[in-house]
There are 2 protein chains.
Amino acid sequence: MKNNITMKDIADKLGVSSVTVSKALNDKEGVSDSLKLKIKKVAGEMGYRFNSAAKSIKEGLSYNIGVMIPERFTGLNDSFYLRVYQQIAVHLDHYGYFGILNILSSEDEEELNFPRLYSENRVDGIIILGQVSKKYIETVENMELPKLFLDFYDEHAEIDSIVTDNFYGAYELTNYLIHCGHRDIAYVGNIYSTSSIQDRFLGYYKSLLEHGLVFEDRMLLSDRDERGKFIEIELPEKMPTAFVCNCDQVAYNLCERLNDHGYRVPEDCSVVGFDNDIYATLTSPPLTTMEVDIEQMARTAVKSIMEKVSNPNRRNGRVMVQGKIIFRDSVRKLDSAK
Amino acid sequence: MKNNITMKDIADKLGVSSVTVSKALNDKEGVSDSLKLKIKKVAGEMGYRFNSAAKSIKEGLSYNIGVMIPERFTGLNDSFYLRVYQQIAVHLDHYGYFGILNILSSEDEEELNFPRLYSENRVDGIIILGQVSKKYIETVENMELPKLFLDFYDEHAEIDSIVTDNFYGAYELTNYLIHCGHRDIAYVGNIYSTSSIQDRFLGYYKSLLEHGLVFEDRMLLSDRDERGKFIEIELPEKMPTAFVCNCDQVAYNLCERLNDHGYRVPEDCSVVGFDNDIYATLTSPPLTTMEVDIEQMARTAVKSIMEKVSNPNRRNGRVMVQGKIIFRDSVRKLDSAK
DNA sequence: CTGAAAGCGCTTACAG
DNA sequence: CTGAAAGCGCTTACAG
């Protein structure tokens, strides 16, 4: 133990009790204003630092929230989750909380180990950021702690979740294309790969249906194999006038491919992406896309987990966070547009 | 307080004392192997979770390390520091530690406030990740805690630091260009902007000197204004055969600019970058560049801070972490190359 | 308005 | 090999 200054030290110096010091420093009632002031002043002078561990042990609260990100989402170009985590940290701060990052190793996920965060009682709640295996979801369910899925959900698990509104987002983007006069619109993505890709496809599909447009098989282009590895996108014989891509990176790949085949964006084909990540600004022209509202997701997640910490029975169900369309120059307004 | 299971509960159940339970669970001496086993078994069955706060208060250690990142480095495309933080978290785990992220708001930096991390005694040490203001460096110096600068240093401050070997990295890259037969090599970067840009320039310069090449003013191209905002790079009248860029993003910008002017990479001009970030793979052809070894930086930082936690007088000085050249296709071997 | 006592859950000497 | 006692720094009743 370093020779830290404690409340007792301050109390001794001023000839009062440590109870009084505690009350003064926490702005509680029962200490005269003048004494409070004097105590705070001396505390400052002595370089007193509050010992949060002592408070924790009394209250049974750590004032930390754990954020678990599966290892596989932390690759080089995958900074999305890290940015979410960062926003979470910022918002936790408003509640006097801190965020502790726990990368979930593939091994622990496989072996269904509890995270150390949990078994050492380091946190008052856990946010699982990024899809974990079905099996591991059960492990999470067994943790006696407020918990929250962020950016994914499980239809069976009784755990609150917060996700981007993929369905509505793709629906809106497709509506926009139709509004611009497009009638032959393709969707790019392997819809069996992830639930977001599938949900975004369904939003696209709903828009088609609502506008009386017929979906044909040739309008669905795959972008990756079953293991998630990107493949070369096969352009259809009869070219659509517009493409809804399941994410910006794929939109970027598509643009490259279109250019290679002599198609120009947006003169010959219009393209929209999803995410508004770095790839959206690397094409020329930059992409019209759906911005995932990271800040809002983080804010909502923090609010939800804090509610659950103060009331463990609180249920918020599945919350959708809406994005917003970023209009850029990758969509052409056809003459047929009204 | 939630109705948590404590060591006392396990002790009562087995008719032993909590001291014995503590010893057993911590694999300390003084408990028979059979009792140890039994205690561990019961602990598991009862879903016992260790209360780290209680340990903290006894030992005066939180088993957390704080990582402070100035707010301005956490922008959209600036995931570098977040990736470093993530690696730090992974390595801290090996020591039984966790990482707590504290974004340093511009306001706190301006007003020279201690981070809450520190004033609440939440961590055993602090890693400052990313350059903070001169003034704030003094504030950091006043914190009575092991601390470490990561990815920057201050010539005056008596604080250990870990940085990429910018100087040697640029030196090596330039050597490589010369080895490929280039004699007229420009450097791209505002050398008054940051110390890394300057250090990289000096490495480039050393290579020129060593090879008897003369540096001319026209060979220094600025890439940003005094406020760090990228500007359009002005190509010199007499074009060099190769460019050393202070980072990949600038190399990317330069390639665009070269293409616009009808120069092809690497046929007409060779280009090398620095960082090996996403921009290095977005040019065509992809860039030969210096990979900053994030993993190594994080590992070194964690090792250093842990040493300082166990021995507060430990000084490691300024440690350089070497990168390695990633060879790709943006450099042409000239015929004059030996 | 002020403080003595008890307790949070654990660990560290020390005694048996 | 086992355990009673004390203590880490704080807060929460409760008494004065």
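So that the names make sense, note that chain A is the first sequence line, chain B the second, and so on, each numbered from 1.
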- Rounded to whole Å, the NZ-P distance (A:Lys55 to C:dC10) equals 20 Å

- What are the residues of residues 15-30 of chain B, sorted by number, that bring a heavy atom to within less than 4.0 Å of DNA chain C? B:Val19, B:Ser22, B:Asn26, B:Lys28

- Query: A:Leu14 has an atom CG; how far is it from atom P of C:dG3, in whole Å?
  - Reply: 10 Å

- Task: From the options C:dT11, D:dG9, D:dT11, select the nucleotide whose nearest atom is closest to the side chain of B:Lys58.
- Result: C:dT11

- Note on the structure: Picking from C:dT2, D:dC10, C:dT11, the nucleotide nearest the side-chain atoms of A:Thr6 would be D:dC10

- Query: What residues form a ring-ring contact (aromatic ring centres under 6.0 Å, His included) with A:Tyr95, not counting sequence neighbours?
  - Reply: none

- Message: Run the side chain to side chain donor-acceptor pair (under 3.5 Å) test on B:Arg314 and B:Asn316 for me, step by step, so that the C-alpha distance in whole Å, both residues' side-chain angles and the decisive distance to 0.1 Å come before the verdict.
- Response: CA-CA 7 Å; B:Arg314 173 94 190 198; B:Asn316 288 322; 3.1 Å; yes

- Query: Do we see a donor-acceptor contact under 3.5 Å between the side chains of B:Asp9 and B:Tyr48?
  - Reply: no

- Query: Which salt bridge (Lys or Arg N to Asp or Glu O under 4.0 Å) pairs, counting each pair once, include a residue from residues 147-156 of chain B, with sequence neighbours left out?
  - Reply: B:Lys134-B:Asp154

- Query: Quick one: A:Ile5 CD1 to D:dC8 C1', roughly how many Å, whole number?
  - Reply: 16 Å

- Message: How close do A:Thr164 and A:Met320 get, counting heavy atoms only, and between which atoms?
- Response: O-SD, 4.2 Å

- Message: Has B:Arg318 got a side-chain atom pairing as donor or acceptor with B:Tyr153's backbone, closer than 3.5 angstrom?
- Response: no

- Taking only Watson-Crick and G-U wobble pairs with both distances under 3.5 Å, what dot-bracket line describes DNA chain C, where [ ] shows pairs that cross earlier ones and | shows pairs with another strand? |||.||||||||.|||

- How many Å lie between NZ on A:Lys8 and P on D:dC10, as a whole number? 12 Å

- Message: How many whole angstroms separate atom CE of A:Met46 from atom P of D:dG9?
- Response: 13 Å

- Query: Counting distance only, does the side-chain N/O of B:Tyr97 pair as donor-acceptor with the main-chain N or O of B:Ser62 below 3.5 Å?
  - Reply: no

Contacts table for residues 13-25 of chain A: side-chain donor-acceptor under 3.5 angstrom, sequence neighbours left out:
from: A:Ser17; atom 1: OG; to: A:Val19; atom 2: N; distance (Å): 3.3
from: A:Ser17; atom 1: OG; to: A:Thr20; atom 2: N; distance (Å): 3.3
from: A:Ser17; atom 1: OG; to: A:Thr20; atom 2: OG1; distance (Å): 3.4

- Message: Please report the distance, rounded to the nearest Å, between CD in B:Glu59 and C1' in C:dA13.
- Response: 14 Å

- Rounded interatomic separation in angstrom, taking CG from A:Asn51 and C1' from D:dG7: 14 Å

- Query: Within the structure, does a side-chain N or O atom of A:Tyr48 lie under 4.0 Å from either OP1 or OP2 of D:dC10?
  - Reply: yes

- Message: Expressed as a whole number of angstroms, how long is the span from A:Asn121:CG to C:dC10:C1'?
- Response: 12 Å

- Query: Tell me, which pairs form a side chain to side chain donor-acceptor pair (under 3.5 Å) where one or both residues lie in residues 35-47 of chain A, sequence neighbours left out?
  - Reply: A:Asp27-A:Lys40, A:Lys41-A:Glu45

